[in-house]
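Just so you know, these numbers use all the heavy atoms, side chains as well, and skip hydrogens, waters and symmetry mates.
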Amino acid sequence: MKRTLIKETAELAGKQVKLSGWVNVRRDHGKLIFIDLRDRTGVIQMVIIPDKVEAYAAAKEARSEFVISVEGLIKERPASQVKADDPNSKVEIEVEKMEILSRVEGELSFDPSKKDLDVNLPTLLDNRNLALRNKKVNGIFLVYSQILKSYAEAMRESGFLEIKTPKIVSAATEGGANFFKIKYFKRDAFLAQSPQFYKQAGVGAFERVFEIGSVFRAEQHFTSRHVNEYIGLDAEMGFIENFSDIMDQLQQAMRRIMKDVEANCADILKEYEIEEIAAPEQFPRIKLTEALDILKKEYKKETEGIDIDPEGERMISEWAKKTYNSDFIFLTHYPVSVRPFYTMPSADPQYTESFDLIFKGVEIATGGQRIHNYEQLVASIKRHKLNPEDFTSYLDIFKIGMPAHGGWGLGSERIVQKILNIDSIKEAILFPRDVKRLTP
Ligand code: 4AD
């Protein structure tokens, strides 16, 4: 018999089916045994009676997370047992045959069938394969998958071509020291800190490109929003008038993602108690200096230096929500000194044509216009105390004709973290890599 998926059984009362999946919960009532069977589409109650001798013996042996396959009759359950929000509760299966396909060795570290796992972060990550069986944990990755899909669709619909760029590179792209150096045969190489140079090259060939790809950062951070390997949603576009064009495009992609998540992941949002995501037609845009003034006036927060800190980002987000009912805010015109060498300076050369996008208190994207003139770029490299000779192949792009262009780098895991209000970014990553963690 061909396998039926659990979500299909709601309409199959009176029919004989074969189901396969994991034992979610097993209740032995002496005579009757009840097992909740789980597959990727849902959970169904199974009833096993002693008359079905072989099935009953298998049900006696079965334990949580055993993989089983059953055949039996789908029956409607009494109305009093039907839950309004669970279509599968309409039916159960009376089991006639049961086969155990795979057993559990030893004890499980925790019971993944619980609604809330209630275990600490190290336990959750050490036992990642088991934790991912939990419905609520599993839901994070359904939302994540929707984000990736919607991003790609939104970008394609705006004429962007999807590209994949090398992750083993010869030069660090973002400056600073947060790169992983690796041995590449007899030479040194780096793991890409961003696809920055290659996506700019993509503009020279295709005008508009986007990439969904791994980014590596050797940061010794122990925060709730940093990991050492993440998936960047990057984009770069040519023939821009100014950097507002880039913010418009990013805003469109974010609105599309939020709309699709609200429409297609409503049950998961409900489980995480998320009522709405405020993504208005126009996200507020204010200069960084204005943001720092607002923090001073309204929050009595003095900022050391010229950049906003994580606390400031939380406060300015709160202000945007209060003032514009927006969970998003663009901060613009960052000082030259805190931006990479490729960033286009503003008319006032202390500042840059750049922005950060803050979502529910956390920076999720950085972007801006790039310098596209060869001489200006060489001068900027020198001003940043770097050696133009280390960037020869990058600089070559600007010797063969490049339009005004710009783009962004967007952290995919931070988006899902903030949508679901998850404490740590690591919970939003299947197998996270941090300073201490290389397994599972
Ligand atoms: O601000 P970043 O470093 O910008 C760039 O990579 C530029 N090349 C972007 C551009 O096109 N100008 O990183 C971009 C985003 C951040 O806003 C954040 O969401 C995410 O990438 N990110 C991290 N996410 C998780 N862990 C880390 N260690 C991250 N570092 C950056």
Side-chain angles (χ1 to χ4, degrees), residues 5-7 9-10 19-28 34-46 62-70 83-89 92 100-149 224-225 227 230-231 261-262 264-275 412-434 437 439-440:
L5 290 173
I6 290 175
K7 74 166 183 206
T9 57
L19 305 176
S20 303
W22 286 265
V23 172
N24 204 45
V25 183
R26 178 180 166 281
R27 293 178 296 276
D28 194 333
F34 295 94
I35 290 177
D36 289 345
L37 181 73
R38 180 186 81 238
D39 72 8
R40 69 177 194 274
T41 67
V43 174
I44 188 170
Q45 172 166 281
M46 313 196 301
R63 294 288 175 273
S64 286
E65 299 311 306
F66 273 32
V67 179
I68 61 175
S69 185
V70 299
K83 294 186 212 121
D85 58 349
D86 177 10
N88 274 116
S89 65
E92 61 187 14
I100 294 176
L101 302 176
S102 174
R103 292 172 168 77
V104 171
E105 305 285 332
E107 289 291 307
L108 296 173
S109 303
F110 46 78
D111 176 4
S113 73
K114 278 191 171 167
K115 191 165 182 296
D116 281 294
L117 274 186
D118 201 22
V119 293
N120 61 25
L121 188 59
T123 308
L124 191 75
L125 298 180
D126 289 344
N127 299 279
R128 200 60 174 144
N129 297 302
L130 185 62
L132 292 169
R133 303 267 176 97
N134 175 261
K135 184 158 180 272
K136 197 169 170 188
V137 174
N138 200 276
I140 297 170
F141 298 94
L142 305 187
V143 173
Y144 189 70
S145 174
Q146 179 68 59
I147 292 170
L148 298 182
K149 179 167 183 272
S224 61
R225 57 183 200 291
V227 279
Y230 68 92
I231 300 293
V261 167
E262 285 188 323
N264 302 331
C265 307
D267 50 338
I268 302 166
L269 293 182
K270 198 169 157 209
E271 218 164 346
Y272 280 83
E273 296 173 24
I274 307 302
E275 275 167 18
S412 64
E413 297 88 349
R414 287 190 188 176
I415 306 175
V416 66
Q417 179 192 5
K418 296 318 290 180
I419 287 179
L420 296 176
N421 281 346
I422 293 170
D423 289 338
S424 168
I425 190 170
K426 290 172 203 168
E427 293 178 59
I429 301 176
L430 268 187
F431 298 104
R433 295 290 176 254
D434 65 21
R437 184 173 292 279
T439 56

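By the salt bridge (charged side-chain N to carboxylate O under 4.0 Å, His left out) test, Lys149 is found to be paired with Glu153, residues two or more places apart in sequence or in another chain being considered. Residues passing the side chain to side chain donor-acceptor pair (under 3.5 Å) test with Asp116 are Lys136, sequence neighbours excluded. For the side chain to side chain donor-acceptor pair (under 3.5 Å) test, no residue two or more places apart in sequence or in another chain qualifies with Ser89. Not counting sequence neighbours, Ser64 has no partner by the side chain to side chain donor-acceptor pair (under 3.5 Å) test. Considering only residues two or more places apart in sequence or on other chains, Asp267 meets the side-chain contact (heavy atoms from CB on, under 4.5 Å) condition with none of them. In this structure, the ring-ring contact (aromatic ring centres under 6.0 Å, His included) partners of Phe34, at least two apart in sequence or on a different chain, are His29. The salt bridge (charged side-chain N to carboxylate O under 4.0 Å, His left out) test applied to Arg40 returns no partner, not counting sequence neighbours. For Lys135, the side-chain contact (heavy atoms from CB on, under 4.5 Å) partners are Glu271, not counting sequence neighbours. Contacts of Ser145 classified as side-chain contact (heavy atoms from CB on, under 4.5 Å), with partners at least two apart in sequence or in another chain: none. With sequence neighbours excluded, no residue satisfies side chain to side chain donor-acceptor pair (under 3.5 Å) with Arg225.
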Using atom types as modelled, flag every donor-acceptor pair under 3.5 Å from a side chain in residues 126-133 to any protein atom, sequence neighbours excluded.
| residue | atom | partner | partner atom | Å |
| --- | --- | --- | --- | --- |
| Asp126 | OD1 | Arg437 | NH1 | 2.9 |
| Asp126 | OD1 | Arg437 | NH2 | 3.0 |
| Asn127 | OD1 | Ser109 | OG | 3.0 |
| Asn127 | ND2 | Thr123 | O | 2.9 |
| Arg128 | NE | Leu430 | O | 2.7 |
| Arg128 | NH2 | Glu427 | O | 3.2 |
| Arg128 | NH2 | Ile429 | O | 2.9 |
| Arg133 | NH1 | Glu65 | OE1 | 2.7 |

Report the C-alpha separation of Ile419 and Leu269 in whole Å, then their side-chain angles, then the decisive distance to 0.1 Å, and conclude whether the side-chain contact (heavy atoms from CB on, under 4.5 Å) test is met. CA-CA 8 Å; Ile419 287 179; Leu269 293 182; 3.8 Å; yes
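Between the side chains of Ser412 and Tyr144, at least one donor-acceptor pair of N or O atoms lies under 3.5 Å.
The structure places CZ of Arg63 at 9.5 Å from CD1 of Ile35, a figure rounded to the nearest 0.5 Å. Rounding to the nearest 0.5 angstrom, the gap separating the OG atom in Ser424 from the CG atom in Leu125 is 7.0 Å. Note that OG of Ser69 and CD1 of Ile100 are 11.5 Å apart. Values are rounded to the nearest 0.5 Å. Here Trp22 contributes atom CH2 and Leu101 contributes atom CG; the two are 10.5 Å apart, rounded to the nearest 0.5 Å. Here the CD-CG distance, from Gln45 to Asn24, works out to 12.0 Å after rounding to the nearest 0.5 Å. Atom CG of Asp434 and atom CG of Leu121 lie 8.5 Å apart (nearest 0.5 Å).
Looking only at distances, a side-chain donor or acceptor of Arg26 sits under 3.5 Å from a matching main-chain atom of Ala62. Looking only at distances, no side-chain donor or acceptor of Ser102 sits under 3.5 Å from a matching main-chain atom of Val67. Gln417 places a side-chain N or O within donor-acceptor distance of the main-chain N or O of Asp423, the cut-off being under 3.5 Å. Between the Asp39 side chain and the Ile6 main chain, a donor and an acceptor come within less than 3.5 Å of each other.
More than 12 heavy atoms of other residues, nucleotides or ligands shown are found within 6.0 angstrom of CG on Asn421.
Sorted by first and then second residue, the pairs that involve residues 100-114 and meet salt bridge (Lys or Arg N to Asp or Glu O under 4.0 Å), not counting sequence neighbours, are Glu61-Arg103.
Counting heavy atoms from C-beta outward, Met46 and Val70 have side chains that approach closer than 4.5 Å. Residues Tyr272 and Ile140 are in side-chain contact: their nearest non-hydrogen atoms beyond the backbone lie under 4.5 Å apart.
Of all non-hydrogen atoms in Leu142 and Cys265, the two that sit nearest each other are O-SG, 4.4 Å.
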